[in-house]
Amino acid sequence: MSQNLQSVRGTHDLIGSTVKRYRYVVETARALAARYGFEELKTPIFETSAVFSRTLGDASDIVTKEMYTFTDKGGDMLSLRPEGTAGAMRAYIEHGLQRQLPIKWFYEGPMFRYERPQKGRYRQFYQIGAELLGPEGGDADVELISLAQNLLEALGVSTSSRLEINSIGDKESRDVYRARLVEYYKKHESSLSDDSRRRLAVNPLRILDSKDAKDIAINEGAPRLLDDLNELSRTQFDRIQKSLGDLGITYSVNERLVRGLDYYSHLVFEYRTNALGSQDAILSGGRYDGLCEMMGGSRTAAVGWAAGVERLSLLMLEDPLAVRPVALIPVGEKAERECVRLAHDLRGRGFHIELSYSGNMSNRMKKAVARSAKAAVIIGDQELANRVVTLKQLDTGEQSQVAQSELPAKLAELFGK
Ligand code: HAM
């Protein structure tokens, strides 16, 4: 007997309320980003592997462990995109868009990472993201955070998340810091977790955000990156903090926030939550002034962020797109025909109508309640003869006869339109 085919581990279907939430998050973000002047960008979901391996860092978890990489029939090494920033920069360079700076891009779509699946962590997941190319650090960074903050507020998840920011300096100041850090960790090497001991050789900064208790204790005494910041990083970071204050955006400086990707410099930030267990990052980003050069283009300052749509959806309490229908209930054949006409008319006026044809009255009413209808409109022979309908408000049980011609206005009033 053949076995049932199943979805791949770590992937999921968007069905019912999940797809509604997905759409709501994406549409809210797209509309808000447009208000900030961002235009939509669509890049392919796969790229030459080098687009990612050269930019995210040889030692990053994504490149070493998580990429879906394959050789296609022509022998090219390709990867499903694990994130959107490298592809956006590849497109910027490929289309020679330097003269159009500043460029503001919004994107949404699936990303792929071979991670261990758990709540809020998938192998195919969806991101929304925003990238701003051109302006140097400072006000542009604040504009990006302002967009993120307004988005989280619009989705009703700002109270369950907090903003953490840090500056990781430019490459030179980070090299100085890395040397100091390695020296410190070497003294404690035998007490570090296995993972961190491995990281010490390849990516020591990542030890700073380790969640292992042994590492946390050692990190307490680690040298501070903020002490090694160069002048430029320091002035940018001060200005950003003052502006966030002006905007009334609450944040905290987390000196251990380093982010896992190589392309960052200066500002990095993350909105985190306590509501999703260990998958606590819901929106993350930072400045990546060096990325364009890393990819063979000319130096272009840039800043951006991306957020996991599933994680945002999980934090949203209510189904935001839940529309409450009106149940239209005909009794008798003549009324059925009349209801088809009436449904056509009311739907044309923007009402969500559920037309119920069969079953006894009590079953039909139960179905209307189960579909969370706001009202039931009942039409039988008597109503037809008098050109009225019976309107029952399902939240209050209140029932009245309404002239057919008055029905649209009455429903509009009920829905607060
Ligand atoms: P990231 O921190 O790797 O950054 O991912 C951004 C967001 O994607 C995370 O905060 C999280 O909400 C979500 N996410 C990441 N991995 C998963 C997963 N396996 N399952 C579900 N959600 C996930 C970036 O991708 C950068 N490109 C952000 C950026 C844009 N920096 C500058 N511009």
Side-chain angles (χ1 to χ4, degrees), residues 9-12 14 22 25 29 33 38 41 43 47 51-52 55-57 60-63 65-68 80-90 92 103-133 137 140-141 143-145 147-148 151-152 155 157 161-165 168 206 209 257-273 275-292 300-315:
R9 193 164 124 82
T11 68
H12 56 142
L14 298 175
Y22 172 83
V25 171
F38 283 73
L41 169 74
T43 60
E47 301 266 358
V51 167
F52 307 111
T55 55
L56 308 184
S60 69
D61 283 351
I62 294 187
V63 170
K65 297 190 282 201
E66 297 170 5
M67 287 229 286
Y68 279 92
L80 296 184
R81 62 179 182 194
E83 59 99 54
T85 310
M89 191 53 93
R90 194 264 314 132
Y92 163 75
I103 288 175
K104 291 172 157 187
W105 274 330
F106 165 81
Y107 56 87
E108 59 90 14
M111 306 291 162
F112 306 85
R113 296 183 193 177
Y114 189 80
E115 294 192 83
R116 198 166 48 76
Q118 63 184 73
K119 184 179 173 191
R121 188 163 71 193
Y122 311 95
R123 289 180 175 171
Q124 174 173 337
F125 61 100
Y126 293 85
Q127 271 188 354
I128 46 175
E131 314 287 357
L132 171 46
L133 278 55
D141 307 50
E143 192 177 8
L144 261 282
I145 294 181
L147 171 61
L151 173 64
L152 300 184
L155 296 176
V157 304
S161 57
R162 60 185 187 279
L163 170 62
E164 296 182 357
I165 64 173
I168 57 167
R206 286 306 305 280
D209 66 3
L257 180 66
V258 288
R259 309 271 301 127
L261 309 173
D262 255 16
Y263 53 56
Y264 290 114
S265 56
H266 307 295
L267 179 79
V268 290
F269 59 93
E270 208 153 80
Y271 279 86
R272 293 184 171 179
T273 179
L276 295 179
S278 61
Q279 300 316 304
D280 61 356
I282 53 171
L283 184 152
S284 345
R287 179 155 282 280
Y288 50 95
D289 295 346
L291 177 60
C292 193
T300 305
V303 60
W305 55 253
V309 176
E310 289 85 352
R311 293 187 191 174
L312 290 172
S313 301
L314 283 167
L315 282 186

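Counting starts at 1 for both ligands and their atoms, in listed order. Since we're looking at a predicted model, the values are computed, not measured. Heavy-atom basis, side chains included; hydrogens, waters and symmetry copies ignored.
- Between Glu115 and Arg123 there is no salt bridge, since no side-chain nitrogen of the basic residue lies less than 4.0 Å from a carboxylate oxygen of the acidic one.
- Aromatic ring pairs are classed by plane angle as parallel below 30°, tilted from 30° to 60° and perpendicular above 60°; the pair Tyr68 and Phe112 is perpendicular.
- Per-residue contacts place Gly285 under 4.0 angstrom from the following atoms of ligand 1 (heavy atoms of the residue considered): 31 (N).
- When side chains are defined from C-beta on, Ser284 does not count as touching Arg272, because their heavy atoms never get closer than 4.5 Å.
- When non-hydrogen atoms are compared, ligand 1 lies under 4.0 Å from neither the backbone nor the side chain of Arg123.
- Given atom 19 (N) of ligand 1, the protein heavy atom at minimum distance is Glu115 OE2, 2.7 Å.
- Under the 3.5 Å distance criterion, with hydrogens and angles disregarded, a donor-acceptor pair is assigned to the side chains of Glu131 and Tyr107.
- If you number the atoms of ligand 1 from 1 as listed, the ones under 4.0 Å from a heavy atom of Glu83 come out as 25 (O), 26 (C), 27 (N).
- Which parts of ligand 1 touch Arg259 is read off a 4.0 Å heavy-atom cut-off, strictly below it: atoms 1 (P), 2 (O), 4 (O).
- Scanning all protein heavy atoms for the shortest distance to atom 33 (N) of ligand 1 gives Glu131 OE1, 2.8 Å.
- The nearest heavy-atom contact from the protein to atom 18 (C) of ligand 1 is Phe125 CD2, 3.5 Å.
- Counting only N and O atoms by type, the side chains of His12 and Glu310 include a donor and acceptor under 3.5 Å apart.
- Using a cut-off of 4.0 Å between Lys/Arg side-chain N and Asp/Glu carboxylate O, Glu164 and Arg162 are scored as salt-bridged.
- No donor-acceptor contact under 3.5 angstrom links the side chains of Gln279 and Thr273, judged on distance only.
- Comparing Arg113, Gln118, Lys119 by heavy-atom distance to atom 15 (C) of ligand 1, the nearest is Arg113.
- Looking only at heavy atoms of the protein, atom 5 (O) of ligand 1 is closest to Gln127 NE2, 3.3 Å.
- Residue contact check for ligand 1: Tyr264 places a non-hydrogen atom closer than 4.0 Å to it.
- At the top of the distance list for atom 20 (N) of ligand 1, counting protein heavy atoms only, stands Tyr122 N, 3.0 Å.
- At a 3.5 angstrom cut-off on N or O pairs, Ile62 does not count as close to ligand 1.
- Within the listing of ligand 1, atoms 29 (C), 30 (C), 32 (C), 33 (N) sit less than 4.0 angstrom from a heavy atom of Trp305.
- Looking only at heavy atoms of the protein, atom 30 (C) of ligand 1 is closest to Thr85 OG1, 3.0 Å.
- Comparing Gly120, Gly308, Pro117, Pro82 against atom 21 (C) of ligand 1, the shortest heavy-atom distance belongs to Gly120.
- The minimum heavy-atom distance linking Ser161 with Ile282 is given by the pair CB-CD1, 3.6 Å.
- With no hydrogens or angles considered, no side-chain donor-acceptor pair links Tyr122 and Thr11 at under 3.5 Å.
- Under a 4.0 Å criterion applied to the non-hydrogen atoms of Tyr288, ligand 1 contributes the atoms 32 (C), 33 (N).
- Residue Tyr263 places a heavy atom less than 4.0 Å from ligand 1.
- In this structure, Leu132 and Ala140 approach most closely via the heavy-atom pair CD2-CB, 3.8 Å.
- Judged by distance alone, with hydrogens and angles left aside, the side-chain atoms of Arg113 form no donor-acceptor pair with the main-chain N or O of Ile62 at under 3.5 Å.
- Contact between Gln279 and ligand 1 is absent, with no heavy atom of the residue lying under 4.0 Å from the ligand.
- Nearest non-hydrogen protein atom to atom 9 (C) of ligand 1 is Ser284 OG, 3.5 Å.
- Ring centroids of Tyr263 and Tyr288 are separated by less than 6.0 Å, placing the two rings close together.
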